[in-house]
K.L.:
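One structure is given below, represented as structure tokens, and several questions about it will come after.
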Amino acid sequence: MTAFFFVRFIFADMIALKNNRKRAKAAIILLAVSIVFEVILFSARYYQYGYLSNSIIDSTIEAYVLLIQLITLLISIFAGIFFLRWFRRASHNLHLLTDQLNLQKNGQSFAGGCRI
């Protein structure tokens, strides 16, 4: 970590790093929301299991669980997309630093596709 700040300090006037804070914040928030919805989904499934074990079939509970599953799926997809956007920008900044130090081994196409 110290080496990164040292390198950034040395090459600060030569390197124009792109700001990645907004993408990181959005990715973290969406991952946290995704985890919250997973907990809600777990509790809804447990509630549904309690009804099924008592041989009570309630279509509203099934619809509620299905709706939560759909919302959780959509939020997880968006969280993945935002994470990849953040990772791509971080990889771009890393390539800017490694170009100055001649440490680059792979092209930037490895950032989005090979880290999945």
Side-chain angles (χ1 to χ4, degrees):
M1 190 106 173
T2 306
F4 173 74
F5 289 115
F6 179 70
V7 169
R8 187 174 177 193
F9 178 73
I10 290 174
F11 297 110
D13 54 343
M14 293 189 295
I15 301 172
L17 296 178
K18 294 184 178 180
N19 192 359
N20 204 14
R21 291 180 192 263
K22 288 181 183 177
R23 290 182 182 201
K25 191 174 189 178
I28 290 170
I29 288 171
L30 277 173
L31 286 172
V33 169
S34 177
I35 290 171
V36 167
F37 269 92
E38 288 289 339
V39 170
I40 292 170
L41 181 62
F42 176 76
S43 63
R45 285 182 179 165
Y46 184 75
Y47 187 69
Q48 182 184 24
Y49 175 74
Y51 269 103
L52 291 176
S53 65
N54 292 333
S55 300
I56 300 172
I57 299 174
D58 191 6
S59 62
T60 58
I61 294 174
E62 291 178 12
Y64 175 69
V65 170
L66 184 64
L67 179 67
I68 293 175
Q69 285 176 338
L70 181 64
I71 292 172
T72 304
L73 176 67
L74 290 175
I75 289 174
S76 298
I77 289 171
F78 280 118
I81 290 170
F82 274 76
F83 175 79
L84 287 176
R85 288 180 67 215
W86 166 81
F87 191 84
R88 173 69 178 94
R89 177 70 59 90
S91 177
H92 174 74
N93 287 340
L94 180 65
H95 282 284
L96 289 176
L97 288 174
T98 57
D99 284 343
Q100 297 294 328
L101 299 175
N102 295 324
L103 297 175
Q104 184 176 357
K105 296 178 183 176
N106 299 321
Q108 289 191 17
S109 61
F110 282 82
C114 294
R115 305 288 195 252
I116 297 176

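These figures come from a predicted structure and were not determined experimentally.
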K.L.:
Running the 4.5 Å side-chain criterion over Ile, Leu, Val, Met, Phe, Trp and Tyr, what cluster does I77 land in, apart from itself?
P.N.:
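So far as hydrophobic clustering goes, I77 is joined with L73, I81.
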K.L.:
Quick one: do V33 and L67 end up in the same hydrophobic cluster if we chain Ile, Leu, Val, Met, Phe, Trp and Tyr together by side-chain heavy atoms under 4.5 Å apart?
P.N.:
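Yes, because V33 and L67 connect within a single hydrophobic cluster, where side-chain heavy atoms sit under 4.5 Å apart.
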K.L.:
Would you give the length of the straight line joining atom CZ of F78 to atom CG of L31, rounded to the nearest 0.5 angstrom?
P.N.:
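Atom-to-atom, F78:CZ and L31:CG are 14.0 Å apart.
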K.L.:
For V36, enumerate each residue passing the side-chain contact (heavy atoms from CB on, under 4.5 Å) test, keeping only those at least two apart in sequence or located in another chain.
P.N.:
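In terms of side-chain contact (heavy atoms from CB on, under 4.5 Å), with neighbours along the sequence ignored, V36 is linked to I40.
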K.L.:
Yes or no on side-chain contact (heavy atoms from CB on, under 4.5 Å) for E62 and L66, after CA distance, side-chain angles and deciding distance?
P.N.:
CA-CA 6 Å; E62 291 178 12; L66 184 64; over 6 Å; no
K.L.:
Drop me the distance from R88's CZ to R23's CZ, to the nearest 0.5 angstrom.
P.N.:
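Atom-to-atom, R88:CZ and R23:CZ are 9.0 Å apart.
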K.L.:
Go through the structure and list residues passing side chain to side chain donor-acceptor pair (under 3.5 Å) with T72, not counting sequence neighbours.
P.N.:
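Partners of T72 by the side chain to side chain donor-acceptor pair (under 3.5 Å) criterion come out as none, since no residue qualifies.
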K.L.:
So, for I68 and A44, which heavy atoms are closest and what is the spacing to 0.1 Å?
P.N.:
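Taking I68 first and A44 second, the nearest heavy atoms are CD1-CB, 4.0 Å.
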K.L.:
In chain order, what residues pass the side-chain contact (heavy atoms from CB on, under 4.5 Å) check against K18, with sequence neighbours excluded?
P.N.:
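For K18, the residues satisfying side-chain contact (heavy atoms from CB on, under 4.5 Å) (neighbours in sequence not counted) are R89, H92, N93.
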K.L.:
Just to verify, what does I35 make a side-chain contact (heavy atoms from CB on, under 4.5 Å) with, not counting sequence neighbours?
P.N.:
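For I35, no residue satisfies side-chain contact (heavy atoms from CB on, under 4.5 Å) once neighbours in sequence are set aside.
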K.L.:
Got a sec, which residues hit side-chain contact (heavy atoms from CB on, under 4.5 Å) with A24, two or more places apart in sequence or on another chain?
P.N.:
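side-chain contact (heavy atoms from CB on, under 4.5 Å) check on A24 returns W86.
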K.L.:
Nearest 0.5 angstrom please: S91 OG to N20 CG, how far?
P.N.:
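So the OG of S91 and the CG of N20 are separated by 10.5 Å.
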K.L.:
Cation-pi between R85 and F82: NZ/CZ under 6.0 Å from ring centre and within 45° of the ring axis?
P.N.:
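Judged by the rule (NZ or CZ under 6.0 Å from the ring centre, within 45° of its axis), R85 counts as positioned above F82.
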K.L.:
Atom OG in S76, atom CD1 in I71: separation rounded to 0.5 Å?
P.N.:
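The distance works out to 11.5 Å.
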